[in-house]
Amino acid sequence: FALRYAPYRVTGTLIGSPPIPGVRVWAEGPEGLWSGATSDSTGQFTLYATADRWTLRTGTASNHAPAPEQQIDVTGDVPLGTITMPPGYAVTGRVVSSNGIGIAGARVTAKSSSGGTGTWVETDSSGSYGFFLSPGLWQISAERAGYVPPRELWVSVSAATSVDDLVLARAPYSVRGTLYYLASGSGLPGGHLWALDPLGHSADARTDSFGRYNLSLDAGSWTLYGAADGHLPAEPLALGQLSANLAGKNLYVPAGSLV
C-alpha cells in the first residue's frame, strides 16, 4: 500500500465572545483522508494536511452553532486567523433501537439545507444528544456501528427544539481488525475507523485499548478508513462487495506522526 505524508499545518482560532476552547475541529480531504484536533484554552487549534483541497468543519459549543465550512487549498502551512462561531439554539433528541432502547455512541450529524455547514455529536449512555444550531432548516441523521445507516429527519430551527426519535435497525455483517502504528507495530487505542459506500452511507467505530475495532455494515460495496488524533491518516482499504462477516481487515498509520 502507498503512504501519504502530511507536512503542512492548518491553524486558526475559534471565537464567539471570547475565544472558544474545547471544540472539535476537523478537515476532510480526498479519498477519505481526515485530520482532527480540539481547540485549546485560547481557542487555537492545529491540523496537519497533505497538499490537497480539504474541507474544514467545527463542532458546536454552548450557545454557539458550528462555523460555516471552508474549502482550503493546501500548498503549504495555512494560517486561517479567526473563525467565528455564530449564535445557536439548543437542538436535542434521542437515537433508539426498534424496541425503543436508547443507543449509546451513535453519531448524529446535522447539515444545513443551505449547504456549507455541517457538524456531528455522539449520543450519551441513554441515546440522547444535543447540538447548538443557527436558525434555518437542518437535516439530522444518525448512524452507529452495528446498525443500518442512516435515518434522516428535517428540522426547522427558530428556537430551542426537541427532535423526534431517530430509530436504527441492526446491520447483518461485522468487519473486524486492528489499527496499527507502523513505527512501533502496536495497535492504536482510541483510533477512529469509518466505512463509506458509493451512495455516501457511512458507519464508524472507535478502537479499544489494543487498537482493535468491530464495525457492523449492511450488504454493499464499502471502503474502510482509519485515523487517530496526532497521527497521519491510514491508507484506505477497499472491502469490496460485502456479503459475509470479515476478520483481519487491518489498517496501518504511517510512521512519522505529527504532534
Side-chain angles (χ1 to χ4, degrees), residues 1-4 6 26-36 50 52-55 57 95-99 101 103-111 118 120 122-123 127 139-153 166-182 185 187-208 210-228 231-254:
F1 48 83
L3 302 180
R4 301 184 69 177
W26 69 98
E28 299 168 5
E31 301 177 354
L33 294 179
W34 179 90
S35 180
T50 56
D52 286 299
R53 169 164 284 197
W54 294 74
T55 301
R57 296 186 172 97
V95 179
V96 300
S97 63
S98 54
N99 57 6
I101 297 175
I103 299 174
R107 175 179 289 199
V108 184
T109 300
K111 295 180 180 179
W120 61 271
E122 288 190 353
T123 56
Q139 182 192 68
I140 310 293
S141 63
E143 54 194 335
R144 176 70 165 89
Y147 297 83
V148 178
R151 163 99 190 271
E152 301 172 348
L153 292 174
L166 290 159
V167 183
L168 299 183
R170 279 284 183 183
Y173 302 120
S174 68
V175 178
R176 294 180 290 112
T178 302
L179 180 65
Y180 286 107
Y181 181 41
L182 277 178
L188 276 171
H192 179 208
L193 276 294
W194 68 101
L196 298 175
D197 74 3
L199 299 177
H201 296 152
S202 63
D204 75 302
R206 291 283 180 177
T207 59
D208 65 15
F210 297 98
R212 299 174 301 199
Y213 74 90
N214 190 341
L215 271 174
S216 295
L217 299 172
D218 201 6
S221 180
W222 296 87
T223 300
L224 184 64
Y225 303 89
H231 294 273
L232 307 178
E235 184 72 11
L237 176 64
L239 299 177
Q241 190 69 29
L242 189 63
S243 59
N245 296 333
L246 299 177
K249 295 302 178 181
N250 302 324
L251 290 177
Y252 300 87
V253 169

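These numbers were taken from a predicted model, which means no experiment stands behind them.
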Checklist outcome for this item: In this structure, CG of Asp218 is separated from CZ of Arg170 (nearest 0.5 Å) by 13.5 Å
Checklist outcome for this item: In short, Pro30 meets Arg53 closest at the heavy-atom pair CD-O, 3.6 Å
Checklist entry - Would you call the rings of Tyr181 and His231 parallel, tilted or perpendicular if under 30° counts as parallel and over 60° as perpendicular? => result perpendicular
Checklist outcome for this item: Interatomic distance, CG@Asp208 vs OH@Tyr213, rounded to 0.5 Å, equals 12.0 Å
Checklist entry - Just wondering, do Leu237 and Lys249 contact through their side chains at under 4.5 Å, heavy atoms? => result yes
Checklist outcome for this item: Between the CZ atom in Arg212 and the OG1 atom in Thr178, the distance rounded to the nearest 0.5 Å is 7.0 Å
Checklist entry - What are the two closest heavy atoms between Val253 and Leu232, and how far apart are they? => result CG1-O, 3.2 Å
Checklist entry - Quick one: CH2 on Trp222 to CH2 on Trp194, what's the gap to the nearest 0.5 Å? => result 14.0 Å
Checklist entry - Can you list the residues that meet the side chain to side chain donor-acceptor pair (under 3.5 Å) rule with Asn250, with sequence neighbours excluded? => result none
Checklist outcome for this item: All heavy atoms of Ser221 vs all of Pro198, minimum pair found to be O-CD, 3.1 Å
Checklist entry - Rounded to the nearest 0.5 Å, how far does CD of Glu122 lie from CG of Asp204? => result 6.5 Å
Checklist entry - In terms of heavy-atom contacts, does CZ of Arg206 have more than 12 from other residues, nucleotides or ligands at under 6.0 Å? => result yes
Checklist outcome for this item: Scanning both residues in full, the closest heavy-atom pair of Ala234 with Leu251 reads CB-CB, 4.1 Å
Checklist outcome for this item: What one should report as the nearest heavy-atom pair of Pro233 and Trp34 is CB-O, 4.0 Å
Next on the checklist: On a heavy-atom basis, which atom in Tyr180 and which in Gly185 lie closest, and how many Å separate them?
Outcome noted: CD2-O, 3.5 Å
Item to check | Atom pair CG/CG of Asp197 and Leu239 - distance to nearest 0.5 Å | outcome: 11.0 Å
Item to check | Side-chain donor or acceptor of Ser174 paired with backbone N/O of Ser216 under 3.5 Å | outcome: no
